[in-house]
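Remarks on the structure that follows.
Atoms within a ligand are numbered from 1 in the order they appear, just like the ligands themselves. Along the sequence shown, residues are numbered consecutively beginning with 1. Just so it is clear, the values below take in all heavy atoms, side chains as well, and ignore hydrogens, waters and symmetry mates. Computed from a predicted structure; not experimentally measured.
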Amino acid sequence: MEHIGKVLQNLSPGQITPGPKIIEPEPVELSPEEKREELRKSLGVSSLENTFENFKPVPGTEKALAAFKAIASGQTDWKMLLVYGGVGNGKTHLCEATAIALYKRGLFCRVLTMDRIMWALKECIGSDSHISLEELQRNYCYAERLILDDVTGTEWEFEQLEKIIRARYREHLFTILTSNLDIKPDPKNPSRPFISERIVSRFRDPDIAMLILNQGADYRRLKGGS
Ligand SMILES: Nc1ncnc2c1ncn2[C@@H]1O[C@H](COP(=O)(O)OP(=O)(O)O)[C@@H](O)[C@H]1O
Ligand SMILES: [Mg+2]
């Protein structure tokens, strides 16, 4: 008769402790199109075609294009960029081009929008949230890179943004903000929101940041010829 130890040695783990058979899912091979779609979603971009190469030279957008390209190259001393200006002149396109260019350099940064991160912060206030407001704030404050498109919001939301920018400015962290809002009050329309000087002043420091007014016209209108 065989020794019990030897018998056990010759059995596979499944035979020693019989139980429900676990069926491992077959690894699914994604098609090249599916891989691109996965990448598009993980970068938070509307199209992987929104690259610097596909950005047409439109008058008024030169400075914004050059600044986005420079920060994406990783070769600038300054690491913070605020670009503001009218609707449709390529701010989102350039945020997306930056995320794509970083990805090509092996660096990951998702394009976030202000409403999305504010929604996430508000979700944390509920008592059943698995992450505290402070923890999520800290993530946005100290993430290695942050691209935040479409800055706008309520007073509370701007307070949150200010905390984030203060921390990122102190730490000299890669930060891009874009907005359709102006950086000063409109005397003709004082109730119109604007980005407060408390945020803007951090982008005026030439050693650390760049502040650019994108003066291009609405590209959708240009395409339509109007
Ligand atoms: N200079 C440009 N060259 C090519 N496409 C552009 C250019 N500017 C804007 N677009 C395209 O026009 C549309 C609107 O631009 P978008 O980046 O969303 O503007 P904004 O964020 O400033 O409102 C997008 O489809 C974008 O890809
Ligand atoms: Mg936009």
Side-chain angles (χ1 to χ4, degrees), residues 33 36-73 80-105 107-121 140 143 145-154 157-158 160-162 164-165 168 174-184 186 189 192-196 199-200 202-203 209-226:
E33 294 74 42
R36 277 179 68 78
E37 181 56 9
E38 289 298 306
L39 176 61
R40 185 192 70 72
K41 284 193 276 185
S42 66
L43 291 178
V45 303
S46 57
S47 164
L48 290 175
E49 298 303 312
N50 282 350
T51 58
F52 290 130
E53 294 73 28
N54 290 338
F55 193 81
K56 307 278 183 324
V58 171
T61 62
E62 300 86 352
K63 282 187 187 160
L65 173 62
F68 273 101
K69 271 187 169 174
I71 198 170
S73 75
M80 297 178 73
L81 172 64
L82 168 57
V83 175
Y84 66 105
V87 177
N89 61 16
K91 295 180 297 303
T92 298
H93 185 124
L94 291 171
C95 286
E96 298 188 355
T98 302
I100 295 166
L102 289 173
Y103 176 78
K104 288 181 184 160
R105 292 179 49 218
L107 302 171
F108 183 77
C109 184
R110 192 181 167 76
V111 178
L112 297 172
T113 55
M114 177 109 165
D115 62 351
R116 199 184 168 118
I117 78 160
M118 290 306 152
W119 176 81
L121 286 173
Y140 294 131
R145 283 170 283 277
L146 179 72
I147 301 179
L148 193 53
D149 193 20
D150 257 338
V151 163
T152 185
T154 62
E157 290 170 342
F158 270 115
Q160 301 302 310
L161 179 65
E162 202 187 313
I164 294 168
I165 296 304
R168 300 189 70 80
F174 181 110
T175 308
I176 296 178
L177 299 188
T178 74
S179 184
N180 293 323
L181 298 180
D182 205 344
I183 57 169
K184 52 185 178 327
D186 178 356
N189 186 1
R192 190 169 191 269
F194 62 98
I195 311 176
S196 84
I199 292 172
V200 176
R202 265 87 192 187
F203 291 86
M210 272 279 199
L211 174 63
I212 289 177
L213 168 62
N214 184 355
Q215 291 180 300
D218 184 345
Y219 188 76
R220 299 181 191 99
R221 281 167 171 248
L222 289 176
K223 273 198 303 188
S226 56

Judging by distance only, is a nitrogen or oxygen of H93 under 3.5 angstrom from one on ligand 1?
yes
Using a 6.0 Å cut-off, check whether atom OH of Y103 has over 12 heavy atoms from anything other than its own residue.
no
Could you pull out the N/O/S protein atoms under 2.8 Å of the Mg ion (ligand 2), ignoring any water?
T92 OG1
Can you tell me how far CG of L107 sits from CZ of F174, rounded to the nearest 0.5 angstrom?
8.5 Å
Checking contacts here: is it the side chain or the backbone of V58 that comes within 4.0 Å of ligand 1, counting heavy atoms only? Could be both or neither.
side chain
Per-residue contact class, F55 against ligand 1 - non-hydrogen pairs under 4.0 Å
both
Check this for me - ligand 1, G88, N or O atoms closer than 3.5 angstrom, yes or no?
yes
Could any protein non-hydrogen atom be found less than 4.0 Å from atom 24 (C) of ligand 1?
no
In Å, rounded to the nearest 0.5 Å, how long is the span from OH of Y84 to CD1 of I212?
10.0 Å
For T92 and D149, which I'm curious about, is there any donor-acceptor pair between the side chains at under 3.5 Å?
yes
Can you check whether a protein heavy atom sits less than 4.0 angstrom from atom 8 (N) of ligand 1?
yes
Should you measure from each heavy atom of N54, which atoms of ligand 1 turn up under 4.0 Å away?
3 (N), 4 (C)
More than 12 heavy atoms of other groups within 6.0 Å of R116 CZ:
no
Less than 4.0 angstrom from a charged side-chain N to a carboxylate O is my criterion; do R40 and E37 meet it?
yes
For S47 and E96, what are the C-alpha separation, side-chain angles and deciding distance, and is it a side-chain hydrogen bond (donor to acceptor under 3.5 Å, both in side chains)?
CA-CA 8 Å; S47 164; E96 298 188 355; over 6 Å; no
Under 4.0 Å from any heavy atom of R220, which atoms of ligand 1 are there?
14 (C), 18 (O)
